[in-house]
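Remember, it's a predicted structure, so these values are computed and weren't measured experimentally.
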Amino acid sequence: MFLLICGENTVESRNYLTKLKNTYRAKHTTLIEVPARELQDKLKDEQIQTLFGDPIIYITEGLFGQFSKQKKKVADELKILNDDQNFKIINWEEKSSYDLKIKSPSYQYKEFKADRTIFDFQDQCVPGKKLSFIQTLSKLIDSNDPVFLFTMLHRHVRTMLLVKTNQPTGNMNPYVKSKATSQSRSWELPKLVAFYEGLARIDLASKTNGSPFDMKKSIEILACYYL
């Protein structure tokens, strides 16, 4: 059997995966965490069932990237994995179902979508919109994980920087790319670079306890300098 956990809200999807792991461990289910590139070999080489015939659960990440880019082949490989009842695979992806190009799958998937207001928050990340940017951040912080809000902002600013400097963006959602391109025109390149570098410093400080400010306050201070 195959379960996909995905979505833009990577904090919530990660939390869900952790809860699943804890639930299975409480039931003494055999869990094996394996890199996506090694999964198929693992399934071939190892005995699939435990001594008592209970299915093994394999936990992996980014499995879609290991499959062929041909849609039919991806669908065929997933069907093979899903139809085998001797094991269960839980695969976590940081992308949305749209980006993964999921259409009526035969397997289970659980998607964690971002609050639509978060995209308004991203849209307000331009010089001249400091007040609305900070006000929206204050509203969102009560119902969303600060790390997730930061991640969405950091990702969006990075996209603006890529399109403004004509760098490759990979297989990005055309709407996301178009919106970032339009928004990046409101920024002068040196200012956008400085804002992005400021986000990088916030990210580092949050991981090393290197700032006296929490995530929300750090973003507000950066906005006051550049928006």
Under 3.5 Å, is there a donor on one side chain and an acceptor on the other for [X] and [Y]?
| X | Y | answer |
| --- | --- | --- |
| Tyr225 | Lys130 | no |
| Ser96 | Glu8 | no |
| Thr136 | Gln124 | yes |

Any idea which heavy atoms bring [X] and [Y] closest together, and the distance?
| X | Y | value |
| --- | --- | --- |
| Asn9 | Phe148 | CA-CE1, 3.1 Å |
| Thr165 | Leu161 | OG1-O, 2.7 Å |
| Asp115 | Thr117 | OD1-N, 2.8 Å |
| Gly62 | Asn91 | N-OD1, 3.3 Å |
| Tyr58 | Val34 | CD2-CG1, 4.1 Å |
| Leu100 | Cys6 | CD1-CB, 3.9 Å |

So, [X] side chain and [Y] main chain: donor-acceptor pair closer than 3.5 Å or not?
| X | Y | value |
| --- | --- | --- |
| Asn144 | Leu140 | yes |
| Glu61 | Pro35 | no |
| Gln108 | Leu3 | no |
| Ser178 | Pro174 | no |

Worksheet item: Yes or no on side chain to side chain contact (heavy atoms under 4.5 Å, CB included) for Ile221 and Cys224, after CA distance, side-chain angles and deciding distance?
Response: CA-CA 5 Å; Ile221 293 171; Cys224 287; 5.7 Å; no
Got a sec: does the [atom1] of [X] have more than 12 other heavy atoms crowding it under 6.0 Å?
| X | atom1 | answer |
| --- | --- | --- |
| Arg37 | CZ | no |
| Lys177 | NZ | no |
| Arg14 | CZ | yes |
| Glu188 | CD | no |
| Lys217 | NZ | no |

Practice prompt. Using the side chain to side chain contact (heavy atoms under 4.5 Å, CB included) rule, take Phe112 and Ile5 through it: C-alpha gap first, then chi angles, then the decisive distance, then the call.
Written response: CA-CA 8 Å; Phe112 292 83; Ile5 301 172; 4.0 Å; yes
Practice prompt. For this output row, return yes or no: ring centroids of Phe195 and Trp187 closer than 6.0 angstrom.
Written response: yes
Worksheet item: For the residue pair Tyr196 and His154, is the inter-centroid distance of their aromatic rings smaller than 6.0 Å?
Response: yes
To the closest 0.5 Å, what do you measure between [atom1] ([X]) and [atom2] ([Y])?
| X | Y | atom1 | atom2 | answer |
| --- | --- | --- | --- | --- |
| Glu33 | Thr60 | CD | OG1 | 9.0 Å |
| Gln122 | Cys125 | CD | SG | 8.5 Å |
| Arg158 | Thr169 | CZ | OG1 | 9.5 Å |
| His156 | Leu199 | NE2 | CG | 11.5 Å |
| Glu111 | Lys95 | CD | NZ | 13.5 Å |
| Asp142 | Lys216 | CG | NZ | 8.5 Å |

Discussion item. Run Val126 and Leu227 through side chain to side chain contact (heavy atoms under 4.5 Å, CB included) and show every step you take.
Written reply: CA-CA 6 Å; Val126 290; Leu227 298 190; 5.7 Å; no
Co-membership, hydrophobic cluster, residues [X] and [Y], 4.5 Å side-chain:
| X | Y | result |
| --- | --- | --- |
| Met160 | Leu222 | yes |
| Ile219 | Leu149 | yes |
| Leu63 | Leu20 | no |
| Leu137 | Met152 | yes |
| Ile89 | Leu17 | no |

Item to complete: Could you give me the CA-CA distance, side-chain angles and deciding distance for Met215 and Ile202, then say whether side chain to side chain contact (heavy atoms under 4.5 Å, CB included) is met?
Response: CA-CA 7 Å; Met215 187 74 75; Ile202 292 174; 3.6 Å; yes
Item to complete: Look at the aromatic rings of Phe64 and Tyr107 and report parallel, tilted or perpendicular, splitting at 30° and 60°.
Response: perpendicular
Discussion item. Between Asp123 and Lys179, does any NZ, NE, NH1 or NH2 come within less than 4.0 Å of an OD or OE carboxylate oxygen?
Written reply: yes
Item to complete: Considering only NZ, NE, NH1 and NH2 on the basic side and carboxylate oxygens on the acidic side, decide whether Arg116 and Asp120 come within less than 4.0 Å.
Response: no
Fill in: Worked check of side-chain hydrogen bond (donor to acceptor under 3.5 Å, both in side chains) between Tyr24 and Lys19
CA-CA 9 Å; Tyr24 284 123; Lys19 289 177 182 177; over 6 Å; no
Item to complete: Compare all side-chain heavy atoms of Ser13 with those of Glu93 and state whether any distance is below 4.5 angstrom.
Response: no
